There are 4 protein chains.
Amino acid sequence: MPESKKEQIRQAAITVIAREGFHAATTDKIASEAGVAVGTIYNYFSNKEDILQYIFQVEYEKRAAFLAELSQKELGTIAKIRAMLEMHFTKVQENPNLVKVILAENRFGRRQKENGLLGLLEQIIRTGIARKDIRPCHASIIATILFGAIEAIMARYLAAGETKSDATALSAAVEEIIGLISRGLATG
Amino acid sequence: MPESKKEQIRQAAITVIAREGFHAATTDKIASEAGVAVGTIYNYFSNKEDILQYIFQVEYEKRAAFLAELSQKELGTIAKIRAMLEMHFTKVQENPNLVKVILAENRFGRRQKENGLLGLLEQIIRTGIARKDIRPCHASIIATILFGAIEAIMARYLAAGETKSDATALSAAVEEIIGLISRGLATG
Amino acid sequence: MPESKKEQIRQAAITVIAREGFHAATTDKIASEAGVAVGTIYNYFSNKEDILQYIFQVEYEKRAAFLAELSQKELGTIAKIRAMLEMHFTKVQENPNLVKVILAENRFGRRQKENGLLGLLEQIIRTGIARKDIRPCHASIIATILFGAIEAIMARYLAAGETKSDATALSAAVEEIIGLISRGLATG
Amino acid sequence: MPESKKEQIRQAAITVIAREGFHAATTDKIASEAGVAVGTIYNYFSNKEDILQYIFQVEYEKRAAFLAELSQKELGTIAKIRAMLEMHFTKVQENPNLVKVILAENRFGRRQKENGLLGLLEQIIRTGIARKDIRPCHASIIATILFGAIEAIMARYLAAGETKSDATALSAAVEEIIGLISRGLATG
DNA sequence: AATGAATGAGTTTTCATTCAT
DNA sequence: GATGAATGAAAACTCATTCAT
């Protein structure tokens with residue numbers, strides 16, 4: 001039972017787009033990486049852009065599910081934020097290609113989806129304020145800052161070549177962000 | 001004798017790339033926006049990518065000069081960071097197209113330059129630690145977080161359409177970031 | 001199933017290049033002459049120059065096969081040279097376009113192949129000397145002279161318009177060259 | 001008293017065309033090699049092709065003058081032919097670039113001029129027949145063969161790189177051609 | 001006469017997409 | 001569903017030629 005054809009193509013596209021960028025990732029290269037014929041791609045996607053959207057969508061859904069679930073957990077707000085950071089930094093180590101694609105091809109036009117994630121994080125923060133886990137603040141600005149920080153750390157990790165600056169750099173980043181947030185948003 | 005031809009082309013390219021993205025910004029469109037013939041572009045740039053590099057370079061040099069000068073100023077560390085935030089948020093209001101280009105076309109390959117800026121901010125932070133303006137921390141991680149936060153705020157402002165969410169949103173963001181940093185990195 | 005697509009394109013290219021020269025033979029014209037789309041050319045050739053190289057290669061291989069076979073035949077040296085002349089002069093009558101291309105586009109860079117033919121003729125001459133069919137001489141210079149003579153005669157035939165100066169002119173040329181060679185290289 | 005501008009341009013064109021071929025020899029490169037501005041070229045030539053025609057014309061006139069004068073000389077026919085060979089082989093050694101241009105860019109369209117030279121050599125041969133210096137033959141075919149042989153020898157010399165195969169190769173070629181002709185066209 | 005910046009028509013090449021098998 | 005040859009629109013880039021200075 002091999003993976004479904006659609007999944008094969010998604011994986012192949014991630015590999016090729018991460019390596020060459022969306023524009024240089026031709027449908028021929030993707031098909032060849034996936035081990036299918038070009039025509040087959042069009043049985044599953046309506047065009048090349050659609051492959052990318054699908055990559056974003058699958059990823060968005062995973063993260064949204066994670067955040068939604070996190071939101072429900074019996075955890076302090078700072079602990080929730082820490083869990084979110086760890087999830088992202090684990091992901092960039094496990095699937096650097098995917099994150100490369102997400103970061104590099106994140107045009108304004110494709111950002112819509114992310115607003116959903118932003119809303120979920122915002123909700124976690126808002127709840128934290130209500131519970132007095134953290135001081136009052138603009139939840140949506142804080143959420144934006146957090147996502148910006150996460151992206152920047154991941155980009156830096158990927159740009160460094162993913163080797164030397166290994167897990168340590170990312171752990172340190174978690175602690176710095178948590179240190180900043182926990183003091184910076186402390187109540188009282 | 002209005003502006004130099006090279007400057008005309010740079011401006012036109014910013015306009016077209018901001019509107020359509022680098023890939024869809026054809027040399028014909030850029031030339032026509034600049035009011036010159038296609039061939040003229042190639043008297044000033046060796047290829048289309050070179051135009052983009054030049055846009056990044058001009059911008060990088062401006063920011064680097066700003067940060068270098070800021071570094072020397074008789075100002076507390078938090079005040080320096082505030083000045084940097086204000087500079088960026090003023091820029092995105094004054095020249096949203098330019099910032100759109102910088103944010104949207106910032107491929108990994110083109111990030112090199114930014115490392116220079118990162119280093120300058122890092123230096124400001126390191127000095128702040130030495131002076132005990134702020135507590136000990138990983139300067140380079142904090143610098144990365146700050147740039148990530150700035151980018152995310154600017155991207156959000158631009159995505160919102162630059163109209164309703166006007167200056168107020170950006171001012172609020174300055175205060176949130178400063179609030180976070182000043183408490184989060186407070187000494188003692 | 002007429003001819004292979006690659007062969008269709010080769011034929012069309014010969015026609016167009018003979019008529020307009022390599023430089024003026026645009027890929028559009030070649031495609032249209034071949035009855036295919038421009039893109040199809042690039043499914044069989046990596047670029048325009050490659051079409052020309054292929055034309056030379058196919059022709060070179062035919063001539064090399066002819067000369068190699070001739071070399072083995074039970075024939076006097078002069079008879080072999082006569083056969084070679086007749087082959088060339090028949091070819092120019094049967095396929096003047098092809099010969100036009102070969103003569104007109106034979107840049108220095110593309111001459112490599114011809115050296116192979118030169119070597120084969122040289123071998124025939126060297127054998128002739130050993131057998132005392134002809135007197136000692138610089139085989140490679142004689143071979144060069146012969147090819148030069150053949151090319152010049154063919155060029156003249158083609159320049160004349162291929163009509164009036166028909167087969168007769170070429171037959172006369174065979175006799176003159178053979179007359180010259182047989183006396184000029186006679187033994188004793 | 002430097003050379004005339006037109007001559008400067010002719011020389012520069014020969015250098016550049018020999019090195020890069022007519023097509024790749026841009027007017028910019030020629031102007032730069034000549035030490036003038038592109039515009040200046042158009043004060044002396046009506047277009048790029050015209051430069052090449054001029055190169056051919058100057059050369060044609062020199063050779064025609066040489067042949068016309070030779071024709072009048074008190075010399076045996078074979079000696080005249082030898083003089084012609086020596087003239088050509090000296091020229092290729094003294095000005096290989098010029099000969100490269102003449103050989104490489106000798107399209108059918110530009111051959112007209114050469115017919116004049118052919119006629120002059122033909123005349124020398126015809127006179128030789130009348131004088132019984134040589135046996136009856138098709139003067140025009142023999143002339144064509146001779147020019148073909150000369151071109152082939154020169155091309156070979158140039159292709160070899162003009163260094164190792166120096167003057168010796170060319171002297172040997174003179175002797176081979178003369179040997180062939182003097183025996184091959186001997187009277188009686 | 002000399003200059004060289006500006007021009008824009010013209011070319012090669014690419015590649016997403018289609019569709020007959 | 002799968003295939004991959006064929007398609008042709010689209011784009012970057014070149015360079016001979018012009019002309020205002």
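By convention in this document, chain letters (A, B, ...) are assigned in the order of the sequence lines, proteins followed by strands, and residues within each chain are numbered from 1. On a predicted model such as this, the values are computed, not experimentally measured, just so you know.
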Exercise for the section: Could you pull out the closest heavy-atom pair between Ala12(B) and Ile30(B), with the gap in Å? Expected result: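 Nearest pair, atom of Ala12(B) first, then Ile30(B): CB-O, 3.7 Å.
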Nearest whole angstrom, please: distance from the [atom2] of [N] to the [atom1] of [X].
| X | N | atom1 | atom2 | result |
| --- | --- | --- | --- | --- |
| Ile30(B) | dA12(F) | CD1 | P | 8 Å |
| His23(B) | dA10(F) | NE2 | C1' | 9 Å |
| Phe45(D) | dC15(F) | CZ | P | 20 Å |
| Asp28(B) | dA10(F) | CG | P | 12 Å |
| Ile41(C) | dT11(E) | CD1 | P | 14 Å |
| Phe22(B) | dA12(F) | CZ | P | 8 Å |
| Lys6(B) | dA5(E) | NZ | C1' | 15 Å |
| Glu49(C) | dT12(E) | CD | P | 12 Å |

Does [X] have a side-chain nitrogen or oxygen under 4.0 Å from the phosphate oxygens OP1 or OP2 of [N]?
| X | N | value |
| --- | --- | --- |
| Thr27(C) | dT11(E) | no |
| Tyr42(B) | dT14(F) | no |
| Lys48(D) | dT17(F) | no |
| Tyr44(B) | dA6(E) | yes |

Handout entry: dT21(E) pairs with, by Watson-Crick or G-U criteria that keep both distances under 3.5 Å
Key =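 Because both required distances fall under 3.5 Å, dT21(E) counts as paired with dA2(F).
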Problem - Nucleotide forming a Watson-Crick or wobble pair with dC15(E), both distances under 3.5 Å - result: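 Paired with dG8(F).
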Which nucleotide in the list [options] gets nearest to the side chain of [X]?
| X | options | value |
| --- | --- | --- |
| Asn43(D) | dT7(F), dT17(E), dT3(E) | dT3(E) |
| Ala37(D) | dG8(E), dA2(E), dG4(E) | dG4(E) |
| Asn47(A) | dT17(E), dT7(E), dA16(F) | dT17(E) |

Exercise for the section: Could you pick out which residue, Gly39(C) or Gly39(D), lies toward the 5' side of DNA chain F when each is mapped onto its nearest nucleotide? Expected result: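 Its nearest nucleotide being more 5', the pick is Gly39(C).
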Problem - Given DNA chain F, 5'-ward residue of the pair Lys5(A) and Ser46(D), judged by closest heavy atom - result: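 Nearer the 5' end of the strand: Lys5(A).
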Exercise for the section: Check every strand shown and say whether Thr26(B) touches a base, only sugar-phosphate, or nothing at a heavy-atom separation below 4.0 Å. Expected result: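 Sugar-phosphate contact only - Thr26(B) comes under 4.0 Å of backbone atoms but never of a base.
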Handout entry: ring-ring contact (aromatic ring centres under 6.0 Å, His included), paired with Tyr54(A), selected from Phe45(A), Tyr44(A), Tyr60(A)
Key =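 Looking at Phe45(A), Tyr44(A), Tyr60(A), the match for Tyr54(A) under the ring-ring contact (aromatic ring centres under 6.0 Å, His included) is Phe45(A).
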Exercise for the section: Calculate, to the nearest 0.5 Å, the distance between atoms NZ and OG1 belonging to Lys100(D) and Thr15(D) respectively. Expected result: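 With rounding to 0.5 Å, NZ (Lys100(D)) is 11.0 Å from OG1 (Thr15(D)).
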Problem - 5' precedence on DNA chain E between Lys29(C) and Val38(B) (nearest-nucleotide basis) - result: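 Its nearest nucleotide being more 5', the pick is Val38(B).
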Handout entry: Gln57(C) and Gln53(C) side chains, donor-acceptor separation under 3.5 Å
Key =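 Their side chains do not contain a donor-acceptor pair, so the 3.5 Å distance test is not met.
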Exercise for the section: Run the salt-bridge test on Arg10(B) and Glu7(B) with the 4.0 Å N-O cut-off and return the result as yes or no. Expected result: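 Yes, charged N to carboxylate O under 4.0 Å.
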Exercise for the section: Decide whether a cation-pi geometry holds between Lys48(D) and Tyr42(D); the criteria are a distance under 6.0 Å from NZ or CZ to the six-membered ring centre and an angle within 45° of the ring axis. Expected result: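 Here Lys48(D) fails the 6.0 Å and 45° test against Tyr42(D).
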